[in-house]
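One structure is given here, and the rest of the page talks about it.
All of these numbers come straight from a predicted model, not from anything done at the bench. In the text below, chain A, chain B and the rest are named by the order of the sequence lines, each starting its count at 1.
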Amino acid sequence: MRIDPKVNRSKYDRELSRLQERRADLERRGVYLLGSSAYPLLDLLFVAHHPLRIWTTQLRQGNLFLGAPVLVAQDIEALAPSAFTARFDLSDYDLEPPSLVFLNPWTGTPLSFNTMFRALEYNVGRGPHEVLIADHPLTHMPFLCVRGIREYHSHPQHSGDEWLLYRPSMNLFSIILSVWRVCVDLPSLQCSITESGCQFTWAAEEKP
Amino acid sequence: MAHTEQKITLAFIINGASFAVETNTNPPLKEAVARALAESGNTGRPASEWQVRDESGNLLDVNRKISDFGFLNGTKLYLNLAVGAGGAKHRP
């Protein structure tokens, strides 16, 4: 650790205190502070917001046969992507931004990129883009390519976009809101059922 | 006859701290945003990098008049830097 442990602990306590003060704001978004949090780690459970959307081809409406197949969507409220634990590591905070890993909330083990949710951001000019990246060159784990996350700023492709440029204007609460946006608010899981089977994809709500 | 302007207090949540800004409802929202950023000491990043969202995460157009939004007194607005993401084009 590069900074005084007492200073680091003080900053951790301040961030934890702020999250506790804003507990209602977080819980309204399906984000819950977990009891497993212990210095220097803060664990939060993120619960999916959007149910699974199933697309099928409709050939008739009641007794009326349609001239051409119509694509119909139905939200299955009882099915939604799995909740996940976001573990923030505040070692060396806030000289360094918090590190973030995604865990299975049942087992505490890291999620595998191949089977975990997808994180998407949407910008008007850029459109939807994937911000959960499979493999970080240093950690070799899935990481969130979002400003304010240590793995973003430590990635060689973002050298120059230093955390210290943003540190005065960000803290863990605001970073959690960004994580919520790209991991919960925007992405939705879709299933298309066709003659050849089911295809699952992730879509981003076009919400600037 | 004098025109009476309505006043409203908006609660800007910036990095988890709340900053109350009392404002008339006629000016654009960006004026209240600028005051909230100044009061909170967040002057390091350009105003264009900050985004105002409502409780549901909807982005608000700061160039619109405050009266256009129908805010109630004490409405909470979340002021955050834009997400600022890297990543790759999404191919479903």
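- To the nearest 0.5 Å, atom CG of residue A:D25 and atom NZ of residue B:K76 are 3.5 Å apart.
- Of the atoms belonging to A:R29, it is side-chain heavy atoms, and not backbone ones, that fall under 4.5 Å from chain B.
- With values rounded to the nearest 0.5 angstrom, A:L177 atom CG is found 11.5 Å from B:Q51 atom CD.
- For the side chain to side chain donor-acceptor pair (under 3.5 Å) test, no residue two or more places apart in sequence or in another chain qualifies with A:Y12.
- At a 4.5 Å heavy-atom cutoff, the contact between A:P208 and chain B is made by backbone and side-chain atoms alike.
- Within 6.0 Å of atom CD in A:E205, more than 12 heavy atoms from other residues, nucleotides or ligands are found, so the atom counts as buried in its surroundings.
- The neighbour count for A:Q20 CD, taken as heavy atoms of other residues, nucleotides or ligands under 6.0 Å away, is above 12.
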Exercise answer: donor-acceptor pairs, residues 186-196 of chain A side-chain atoms, under 3.5 Å, sequence neighbours excluded:
{"unit_1": "A:S188", "atom_1": "OG", "unit_2": "A:Q190", "atom_2": "NE2", "d": "2.8"}
{"unit_1": "A:Q190", "atom_1": "OE1", "unit_2": "A:W55", "atom_2": "NE1", "d": "2.6"}
{"unit_1": "A:T194", "atom_1": "OG1", "unit_2": "A:S196", "atom_2": "N", "d": "3.4"}
{"unit_1": "A:T194", "atom_1": "OG1", "unit_2": "A:S196", "atom_2": "OG", "d": "3.2"}
{"unit_1": "A:T194", "atom_1": "OG1", "unit_2": "A:G197", "atom_2": "O", "d": "3.3"}

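- Closest non-hydrogen pair, B:R45 versus A:L165, comes out as NH1-O, 3.3 Å.
- The shortest non-hydrogen separation linking A:R22 to B:S18 is NH2-CB, 3.4 Å.
- For a residue to count as touching a neighbouring chain, one of its non-hydrogen atoms must lie under 4.5 Å from one of that chain's; by this rule A:V182 touches chain B with the side chain only.
- Contact annotation for A:L144: neither backbone nor side-chain heavy atoms come within less than 4.5 Å of a heavy atom of chain B.
- The shortest distance between side-chain heavy atoms of B:N80 and A:S178 falls below 4.5 Å.
- Annotation: maximal heavy-atom pairing with chain A below 4.5 Å, among B:L79, B:I14, B:I13, occurs at B:I13.
- The distance from atom OG of A:S169 to atom CG of B:N15, rounded to the nearest 0.5 Å, is 7.0 Å.
- Residue B:E49 places its CD atom among more than 12 non-hydrogen atoms of other residues, nucleotides or ligands, all under 6.0 Å distant.
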Pair up each side-chain donor or acceptor in residues 27-40 of chain B with any protein partner under 3.5 Å, not counting sequence neighbours, and list the distances.
{"unit_1": "B:K30", "atom_1": "NZ", "unit_2": "B:N63", "atom_2": "OD1", "d": "3.1"}
{"unit_1": "B:R35", "atom_1": "NH1", "unit_2": "B:E22", "atom_2": "O", "d": "3.0"}
{"unit_1": "B:R35", "atom_1": "NH2", "unit_2": "B:E22", "atom_2": "O", "d": "2.8"}
{"unit_1": "B:S40", "atom_1": "OG", "unit_2": "B:A36", "atom_2": "O", "d": "3.0"}
{"unit_1": "B:S40", "atom_1": "OG", "unit_2": "B:L37", "atom_2": "O", "d": "3.0"}
{"unit_1": "B:S40", "atom_1": "OG", "unit_2": "B:N42", "atom_2": "ND2", "d": "2.9"}

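- Once rounded to the nearest 0.5 Å, the distance linking NZ of A:K207 with CG of B:N58 reads 4.5 Å.
- When each of A:N171, A:L172, A:V131, A:T201 is scored by its heavy-atom pairs under 4.5 Å with chain B, the top score falls to A:N171.
- Both the backbone and the side chain of B:E55 have a heavy atom closer than 4.5 Å to some heavy atom of chain A.
- Comparing A:H158, A:R126, A:E121, A:E21 by heavy-atom pairs within less than 4.5 Å of chain B, the highest count is held by A:R126.
- Taking non-hydrogen atoms and a 4.5 Å limit, the residue list of residues 37-53 of chain A in contact with chain B is empty.
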